[in-house]
Number of protein chains: 2
Amino acid sequence: MARQGDAQLQQSADPLRQRIIEAADELYYAHGFRAVGMDALRQHAGVSLKRLYTVFPSKESIVLAVLDYRHTMWADEIAAAVAQEGTPRARLLAIYDYLAGWFRSDSFRGCVFINAFGELATESPAVATKAADHKREFRRFMEQLATEAGFSEELGDQLMLLAEGAQTTAAITGDSAMALKARRAAEALLSVAESTRTHSVR
Amino acid sequence: MARQGDAQLQQSADPLRQRIIEAADELYYAHGFRAVGMDALRQHAGVSLKRLYTVFPSKESIVLAVLDYRHTMWADEIAAAVAQEGTPRARLLAIYDYLAGWFRSDSFRGCVFINAFGELATESPAVATKAADHKREFRRFMEQLATEAGFSEELGDQLMLLAEGAQTTAAITGDSAMALKARRAAEALLSVAESTRTHSVR
DNA sequence: AGGGTCGGAGAACGTTCGTTCTCCGTGGTC
DNA sequence: GACCACGGAGAACGAACGTTCTCCGACCCT
């Protein structure tokens with residue numbers, strides 16, 4: 001048992017593995033998954049093909065590792081964005097400011113889980129599951145934020161839908177102002193919810 | 001000039017062309033674009049490879065034709081869904097009931113433009129443009145619906161974001177109830193907007 | 001009836017894919 | 001100094017890709 005813990009720790013700290021994942025993340029996110037071959041990945045990661053296959057048994061396992069990597073990165077960053085806000089209202093709106101910064105980055109190309117789902121879900125059930133898990137967890141996160149602020153779970157779902165819509169629309173149209181539009185919609189939903197709030201905040 | 005018009009008319013009425021597009025639409029939408037080869041398309045359309053290439057010069061041109069096909073289908077259907085509603089409020093909410101029906105269909109796998117963008121946008125600028133055009137037109141459609149009902153354009157943008165978020169979330173999680181959640185959010189936004197409406201409906 | 005265009009089936013072409021293998025140099029161990 | 005485990009570069013492999021070509025049978029025109 002302790003051995004397993006060590007192995008996991010070592011795995012996520014393995015610099016070679018991490019380098020491959022980050023290179024794969026950049027290429028897959030920028031060009032799509034099938035568009036990037038193992039040779040391009042090998043070159044971009046600066047790793048020989050042989051070593052690549054000692055760390056990962058297949059391309060699919062790399063894709064799944066990239067999705068894990070993106071998931072924890074996303075979870076950590078939105079948690080941090082929320083954590084630095086004081087009021088329940090500000091905590092619920094923090095997500096849209098985080099999105100605004102993300103949308104403005106040069107590499108932004110939408111949500112990698114949506115992209116992976118569209119391209120690979122049918123042929124790789126593992127990818128489909130990971131994408132569903134990611135969205136489910138984000139939904140739970142927003143629901144929790146909502147209930148902690150004394151609102152209904154439903155409000156969390158609604159704020160989640162706005163965030164999702166902003167991601168895809170900003171990606172395709174290139175209009176990073178979608179984050180602000182989603183924020184203003186969220187503010188309006190909050191103002192409705194506040195007038196029918198179930199309980200006062202603890 | 002009249003000849004060009006004839007050619008266009010004939011083109012969109014060409015049953016062979018239409019059969020190829022519909023077969024391609026089914027396969028691309030279900031499995032992704034790169035995952036479906038020309039041979040699978042040939043087989044599913046019941047058309048020889050030679051004839052396929054007399055109608056379309058390349059795979060990319062088929063992809064673009066499929067996107068055109070989906071765009072007009074989408075535009076016609078949401079226009080029809082809106083048209084059978086009487087009140088401005090019902091017209092604005094009709095989109096979510098249309099989405100609910102779509103989400104429940106077996107073949108539903110999200111928005112094909114989002115999927116195409118994620119998979120092909122980097123390598124095919126034409127695909128990226130068509131996806132952006134589609135989203136831009138849907139946004140304009142919702143904005144127009146909103147202003148016709150006496151609301152701000154901004155409200156139309158917000159309702160659009162909810163619809164987009166519902167599409168991706170329903171696709172990935174398989175939860176068709178997202179349409180209803182988006183609808184309830186839209187109702188809340190409408191109730192806010194009604195209290196600050198700029199002008200009465202004509 | 002015979003000449004010629006058309007299209008079907010599918011082989012062929014060159015490329016690229018994911019994955020494995022071969023060759024070879026290097027560095028550590030007894 | 002001989003041995004060996006390791007890893008780098010990239011060739012090799014079979015499959016699949018998008019696209020073109022070859023062959024051949026079926027139908028049209030006069």
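No hydrogens, no waters, no symmetry mates; every other heavy atom, side chains included, goes into these values. Throughout, a chain's letter reflects where its sequence line sits, starting with A, and its residues are numbered from 1.
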If you apply the rule side-chain hydrogen bond (donor to acceptor under 3.5 Å, both in side chains), what do you find for E60(B) with S124(B), and how did you get there?
CA-CA 8 Å; E60(B) 188 187 23; S124(B) 168; 2.4 Å; yes
Rounded to whole angstrom units, what separation is found between the [atom1] atom of [X] and the [atom2] atom of [N]?
X	N	atom1	atom2	answer
L49(B)	dA12(C)	CG	C1'	12 Å
I20(B)	dG8(C)	CD1	C1'	14 Å
Q43(A)	dC17(C)	CD	C1'	16 Å
R51(B)	dT5(C)	CZ	C1'	14 Å
D39(A)	dT16(C)	CG	C1'	10 Å
Y53(A)	dT19(C)	OH	P	4 Å
R34(B)	dT16(C)	CZ	C1'	11 Å

Categorize V47(A) for me: base, sugar-phosphate, or nothing, with a 4.0 angstrom heavy-atom threshold over every strand shown.
nothing
For S58(B), report the nucleic acid contact type (base, sugar-phosphate, nothing); a contact means any heavy atom under 4.0 Å.
sugar-phosphate
Under a 4.0 Å N-O cut-off, is there an ion pair linking [X] with [Y]?
X	Y	answer
E137(A)	R140(A)	no
D133(B)	R136(B)	yes
K135(A)	D175(B)	no

Validate the cation-pi geometry between R70(A) and Y28(A): distance from NZ or CZ to the six-membered ring centre under 6.0 Å, angle to the ring axis within 45°.
no
Taking the six-membered ring of F117(B), is NZ or CZ of R109(A) closer than 6.0 Å to its centre and within 45° of its axis?
yes
Are W74(A) and F138(A) an aromatic pair, judged by ring center distance below 6.0 Å?
yes
Quick check on E77(A): does its CD atom have over 12 non-hydrogen neighbours (other residues, nucleotides or ligands) under 6.0 Å away?
yes
What are the bounds, 5' to 3', of the part of DNA chain D that sits under 4.0 Å from heavy atoms of chain A?
dG7(D) to dG8(D)
Between K50(B) and dG7(C), does any side-chain N or O lie under 4.0 Å from OP1 or OP2?
no
What are the two closest heavy atoms between Q158(B) and R184(A), and how far apart are they?
NE2-C, 3.8 Å
Given Watson-Crick or G-U pairs with both distances under 3.5 Å, what dot-bracket string fits DNA chain D, with | for other-strand pairs and [ ] for crossing?
||||||||||||||||||||||||.||..|
